2 protein chains.
Amino acid sequence: MEHNIVVRNNVKILGKGTQPILFAPGFGCDQTVWKQVVPAFEEHYQVILFDYVGLGNSDISAYNPERYSTLNGYAQDILDVCSYLQLKDVIFVGHSVSSIIGLLASLYQPTLFSNLIMIGPSPCYLNDPPEYFGGFEKEDLHSLIEMMEKNYIGWANIFASTVVNNADRPDVTKELEDRFCSTDPIIAKQFAMAAFFSDNREDLRKGVVPTLILQCSEDIIAPTEVGQYVHEHLPKSEFQVMNATGHCPHMSHPEETVQLIKQYLNEVHLNNNHLGPV
Amino acid sequence: MEHNIVVRNNVKILGKGTQPILFAPGFGCDQTVWKQVVPAFEEHYQVILFDYVGLGNSDISAYNPERYSTLNGYAQDILDVCSYLQLKDVIFVGHSVSSIIGLLASLYQPTLFSNLIMIGPSPCYLNDPPEYFGGFEKEDLHSLIEMMEKNYIGWANIFASTVVNNADRPDVTKELEDRFCSTDPIIAKQFAMAAFFSDNREDLRKGVVPTLILQCSEDIIAPTEVGQYVHEHLPKSEFQVMNATGHCPHMSHPEETVQLIKQYLNEVHLNNNHLGPV
């Protein structure tokens with residue numbers, strides 16, 4: 001491999017365990033969004049953190065607009081990291097669009113992953129009446145992209161509020177806004193287009209990796225109907241509605257997020273030990 | 001490379017900076033000995049931790065008695081880790097025998113390292129009268145090895161007390177003893193023989209990497225005369241006597257250890273910026 005993937009994707013390796021758990025940040029974010037969640041997994045897992053190329057402290061010079069024009073390019077980042085570190089039996093935790101990026105990675109290499117944890121997944125943000133409700137009209141998303149071009153800081157402020165949707169948690173909104181603002185606006189816009197205009201509904205039914213879907217309450221970006229749709233179309237998936245509100249429970253409600261992930265992994269572990277492979 | 005070096009050497013990558021600082025544990029120890037030192041470097045460096053093959057949570061199946069019969073085999077572990085992660089401009093921090101292991105690694109690949117920090121180095125533990133005082137007679141070291149064979153737990157207890165040499169710090173002695181006791185006795189004995197019977201005095205003068213020598217007070221394993229000998233024969237070395245007593249200042253006196261390393265690195269940094277390369 002030509003690139004040093006550890007540098008390219010700003011890979012960090014933590015924890016005392018052997019099974020890898022890889023945390024993939026959502027749109028416009030870097031690995032710092034996991035800081036309240038990671039410590040709970042350090043005792044029993046090998047924790048892998050990274051930034052997608054173009055985000056956080058990744059090597060921006062490795063950004064390739066063509067590669068990252070679709071979610072497949074981001075999925076390749078996941079596979080590159082796993083390949084470079086020769087990971088096996090990976091638990092993948094993805095937030096928002098990274099849920100689908102993880103699904104795409106698992107379609108390329110199904111045996112690489114033991115489980116997927118999807119936090120607020122949406123296979124398609126656009127409404128497709130009458131059969132599908134994604135939550136957004138095409139005009140909404142075009143306005144969003146247009147605002148990113150014309151007033152990036154203003155967009156970051158408004159979009160962070162919409163995503164977090166916890167009026168009483170300005171700290172979380174501020175943190176997300178800061179993530180957006182520290183991202184190159186051109187790269188953020190291309191990521192937004194790859195994320196918001198992709199339709200991965202057909203990919204759901206191809207999934208083979210046992211998956212936990214964590215669905216927030218009052219989530220504007222990935223409403224409960226969308227999470228239910230994922231559950232209904234994704235084989236071997238479990239659906240869990242959270243008390244957490246908004247779209248970033250790993251930032252706003254880390255305790256519940258940790259507890260539900262651990263509970264799921266413990267159940268998986270028990271099933272594997274006592275009843276054979278799930 | 002055949003092996004996954006990250007797994008083989010239980011590599012961890014921490015920190016927010018870009019310049020790598022790699023911490024190499026001393027004889028019979030693993031990366032946990034650095035736990036009180038590492039946090040001070042996470043803000044400005046990329047911190048690399050690892051265990052030598054055969055120690056800690058390394059892959060014991062990769063242990064090869066022939067390779068690890070000399071310190072060169074351990075030096076190769078350092079080079080493998082740096083190569084696998086494609087590190088450059090590495091600050092190497094080695095405790096005790098790892099000081100010399102780092103020196104050997106730097107003789108193979110001088111341009112890989114920006115600086116070496118040696119904590120309690122000794123190029124030769126054996127006395128070689130009249131010109132060299134190492135602190136030990138051949139019979140002392142043979143007795144030590146014999147005790148490792150006959151009563152490993154008893155040896156671990158006594159040797160840990162000798163090494164730490166801080167009667168008022170039973171916690172540190174216990175921690176070191178636990179490190180020894182969690183190591184395979186066969187591997188520990190082979191490591192001890194490679195460490196205690198090697199004579200690297202001739203290698204000192206070949207050194208080309210700017211080096212800080214941290215010399216403890218009241219150090220039984222590496223007495224002050226030995227540290228001074230290293231300083232006199234190693235080009236570009238600075239000699240710093242610590243207030244810390246014993247042979248494990250990174251465990252017993254982490255604040256002073258951190259402070260002196262940072263002070264040295266800051267001076268190096270200033271010299272590089274204002275006076276050209278050192």
Side-chain angles (χ1 to χ4, degrees), chain A residues 1-23 25 29-35 38-39 41-51 53 55-62 79-90 112 175 178-179 182, chain B residues 1-23 25 29-35 38-39 41-51 53 55-62 79-90 112 175 178-179 182:
Chain A
M1 203 167 288
E2 279 303 305
H3 269 99
N4 178 343
I5 301 298
V6 166
V7 171
R8 192 192 72 177
N9 289 103
N10 188 28
V11 175
K12 305 293 167 193
I13 309 175
L14 314 168
K16 301 177 183 170
T18 52
Q19 185 173 17
I21 184 165
L22 183 147
F23 290 89
C29 290
D30 64 15
Q31 59 188 269
T32 62
V33 298
W34 299 110
K35 67 184 177 212
V38 160
F41 294 93
E42 290 192 55
E43 187 63 30
H44 296 295
Y45 296 93
Q46 181 192 40
V47 175
I48 312 288
L49 301 173
F50 75 100
D51 298 333
V53 169
L55 285 295
N57 285 317
S58 67
D59 177 5
I60 306 283
S61 74
L79 297 175
D80 289 347
V81 169
C82 292
S83 163
Y84 196 80
L85 301 178
Q86 297 181 28
L87 304 181
K88 289 178 206 162
D89 204 24
V90 177
L112 178 59
E175 198 183 333
D178 288 348
R179 291 305 94 218
S182 65
Chain B
M1 204 168 285
E2 279 302 306
H3 269 99
N4 176 343
I5 301 298
V6 167
V7 171
R8 191 191 72 175
N9 288 102
N10 188 30
V11 175
K12 306 293 166 192
I13 308 175
L14 314 167
K16 300 176 183 170
T18 53
Q19 185 174 17
I21 183 166
L22 183 146
F23 290 90
C29 289
D30 64 15
Q31 60 189 266
T32 62
V33 299
W34 298 109
K35 66 183 178 212
V38 160
F41 294 92
E42 289 191 57
E43 187 64 28
H44 297 296
Y45 295 94
Q46 180 192 41
V47 176
I48 313 288
L49 301 173
F50 75 101
D51 299 332
V53 169
L55 284 297
N57 285 319
S58 66
D59 177 4
I60 306 284
S61 73
L79 297 174
D80 289 347
V81 169
C82 292
S83 163
Y84 196 81
L85 300 179
Q86 298 180 26
L87 304 182
K88 289 177 206 162
D89 204 25
V90 176
L112 178 58
E175 198 183 333
D178 288 348
R179 291 306 93 219
S182 65

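Each chain gets a letter, A, B and so on, in the order the sequences are listed, and its residues count up from 1. Just so we're clear, the structure is a prediction, and the values are computed from it rather than from any experiment.
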Could you tell me the separation between the NZ atom of K12(A) and the CD atom of E42(B), rounded to the nearest 0.5 Å?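 Between K12(A) NZ and E42(B) CD, I get 9.0 Å after rounding to 0.5 Å.
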Problem - Check: Q46(B) and N57(A) side chains under 4.5 Å, non-hydrogen atoms - result: no
Scored by heavy-atom pairs under 4.5 Å with chain A, the best of V47(B), N10(B), L14(B) is L14(B)
The side chain to side chain contact (heavy atoms under 4.5 Å, CB included) partner of V6(B) among I48(A), I13(A), L87(A) is I13(A)
